[in-house]
Amino acid sequence: MCGIVGYVGSRRAVDVLLQGLRRLEYRGYDSAGIALLTGDAIDVVKSSGKLENVEHLIDGSREKLAASTCGIGHTRWATHGKPTTQNAHPHRTGHVVLVHNGIIENYQDIRRRLVARGHKPESETDSELFGFLVLEEMDKGRSLCDAVRAGFLQIEGSCSVVVMSEKEPGMIVGVRNGSPLVAAHDPDGGMFIASDAQPLVEYTKEVIFLENGDLVAGSRTGLKISSLADGNVIARPVTRIDWSAERMDKQGWPHYMLKEIYEQPAALSETLNGILDRATGEPFVLADQKGLQTLKNATRISLVACGSSWHAALLGKYWLERWGRIAVDVELASEFRYRDPVLQEGTVIVGISQSGETADTLAVMREAKTRGIQTAAITNVRGSTISREADSVFYTCAGPEIGVAATKTFLSQLLVQLIWAGWLGKTRGALNPARTASLFDELIRLPHLLEDYMRPDGVMAQTVRSTAKALLGIKGFFFIGRGYSFPVALEGALKLKEIAYIHAEGYAAGELKHGPIAMIDGNMAVVVLAPQDSWREKTVSNLEEVKARGARIVGVGGGNDSSLKELCDFWIPLPVSTKHKIDEGLLPVVLAPVVQLLSYETALLKGTDVDKPRNLAKSVTVE
Ligand code: AGP
């Protein structure tokens with residue numbers, strides 16, 4: 001989704017803005033632009049397409065722009081109006097220049113009124129209209145800050161803006177009312193503002209997450225937060241971010257996604273460290289105690305999520321029901337929120353969201369709260385809207401995930417739910433303490449197992465690479481599995497669609513014969529996830545059915561499963577077998593990296609934009 005960066009202080013603003021926008025590229029965008037104050041004038045440079053286009057445009061005037069220490073920048077993900085240069089931000093209206101995230105819902109009404117008053121909007125966006133409102137208010141003699149406040153009170157919808165004016169050079173005013181905004185003092189004097197903390201961490205670790213209804217005004221002397229509604233000054237807490245700028249760089253990997261796939265053992269260890277006390281084997285010592293009580297007292301859990309997080313929730317259901325012995329529903333947030341569901345007392349709604357900003361998931365949690373239902377969140381981003389609005393929050397510690405396709409956050413979400421399941425089982429008397437302890441022991445060993453398995457020159461990586469190469473040009477893919485492997489099959493198909501743009505379906509293996517098997521011919525590949533678990537024999541029967549119809553079979557199975565290997569055209573062995581066992585419930589943790597890597601290698605061969613796939617955004621803050 002759209003990204004905002006703003007800066008005023010003593011640094012070279014062009015560098016702060018461009019570097020900041022690069023840090024936000026992962027969110028997905030289709031045009032970009034910056035506005036810089038030089039003297040009393042603001043120059044706007046913007047372009048459709050990638051940020052590099054903007055950089056090329058400013059090449060000729062870099063020297064002039066280098067003097068600027070104040071500006072705003074934006075990456076736009078089109079909602080109202082095509083991804084053209086004209087629709088790109090920043091938008092200029094007379095002396096007012098602005099960037100905007102989110103949606104102005106009453107934009108048609110505002111446009112009509114503005115046109116009737118003689119204004120001529122040039123773009124198709126809702127964003128530009130806000131500039132006219134500020135302009136009109138400043139023409140009445142209001143300061144930039146007061147004009148932004150008065151203008152904002154005329155719009156409806158969930159959005160944020162950051163505005164400058166040539167009439168008040170050196171002042172930046174931002175409002176958060178929906179889309180996230182984070183502000184920070186520059187330790188050298190001045191202020192940063194951005195749509196998330198990532199552009200700020202190389203300058204400061206102390207950030208302020210603005211709340212809805214906050215207005216922030218910044219200048220060389222610092223920043224002041226006040227209430228949008230009444231102008232009263234507000235003190236917001238400072239949050240310390242522990243992400244380093246280094247962790248956000250590619251560090252030699254060709255893509256963030258590949259780096260993040262290989263960071264999964266570390267993401268698991270970090271997440272474990274944040275939850276489990278190794279000495280006592282007790283979970284949650286470091287986590288939110290209120291959240292524990294919420295879970296303990298729950299009579300039913302509804303896991304609500306979208307995309308990969310929804311797949312993680314599907315697995316959560318298996319574990320929480322098997323070990324925790326609690327009834328679990330899994331809901332797609334975009335469906336749940338409009339279904340008028342029956343929510344009984346004792347139900348806990350758990351929003352799972354790596355970004356913590358997904359609009360549909362957030363809406364469900366807000367609705368639950370209005371109905372008096374307890375909410376909890378599993379998220380990777382401290383200070384995200386979902387983390388702040390949930391009654392309790394459990395963090396995955398995967399570190400920043402820049403690739404649009406979720407990988408290490410997905411695996412970390414699995415881990416948190418596994419620990420919930422073990423802990424709930426023990427607490428509710430469904431698992432004896434020794435069984436919980438052995439489950440946790442296995443979890444502690446998982447990162448090591450994965451690290452050995454996931455060497456870039458290891459057998460898994462090599463067989464995945466050669467499989468992807470051999471199947472390049474195939475018409476489509478099915479990913480099939482049963483039991484714990486089914487949600488992983490769904491995730492594998494989603495990954496392939498997202499980054500390689502190849503049609504792929506994830507199916508419960510037993511469902512193929514109820515329709516989709518009609519699609520199978522020699523030009524289809526079927527990835528069969530058949531580890532040596534309770535479902536293996538049944539899955540192998542389903543494999544035989546598609547093999548008989550000519551499909552190219554990619555088998556992913558136990559390291560010593562030679563009879564399965566013989567049935568497959570391509571074979572990817574797992575690091576577990578009948579000799580080296582792990583609990584079958586934990587198999588998704590070793591299966592997921594295989595399907596992630598298969599998608600990555602296929603996308604690489606196709607030459608797609610792996611980290612920023614077309615039409616996608618990292619945090620989906622619109623419905
Ligand atoms: C995952 O690869 C996708 N980019 C997408 O499906 C994502 O999982 C979904 O949008 C939910 O995002 P969230 O976890 O940030 O809520």
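Numbering of ligands and ligand atoms starts at 1, following listing order.
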query = More than 12 non-hydrogen atoms from neighbouring residues, nucleotides or ligands closer than 6.0 Å to NZ on K475, yes or no?
reply = yes
request  = Applying side-chain contact (heavy atoms from CB on, under 4.5 Å), run through L303 and L320 and close with a yes or a no.
outcome  = CA-CA 11 Å; L303 303 172; L320 287 162; 4.2 Å; yes
ask   = Taking the inter-plane angle between the rings of H255 and Y600 on a 0 to 90° scale, is it parallel (under 30°), tilted (30 to 60°) or perpendicular (over 60°)?
value = perpendicular
key: Plane angle bin for F394 and W420 - parallel if under 30°, tilted between 30 and 60°, otherwise perpendicular   = perpendicular
remark   = The answer, listing residues by chain and number that come under 4.0 Å of ligand 1 through any heavy atom, is C306, G307, S308, S309, S353, Q354, S355, T358, V404, A405, A406, L494, K495, E498, V620
ask   = Among all residues two or more places apart in sequence or in another chain, which pass the ring-ring contact (aromatic ring centres under 6.0 Å, His included) test with F192?
value = Y7, Y203
message = For the backbone of Y256 and the side chain of D611, can you confirm whether one donor and one acceptor N or O come within less than 3.5 Å of each other?
response = yes
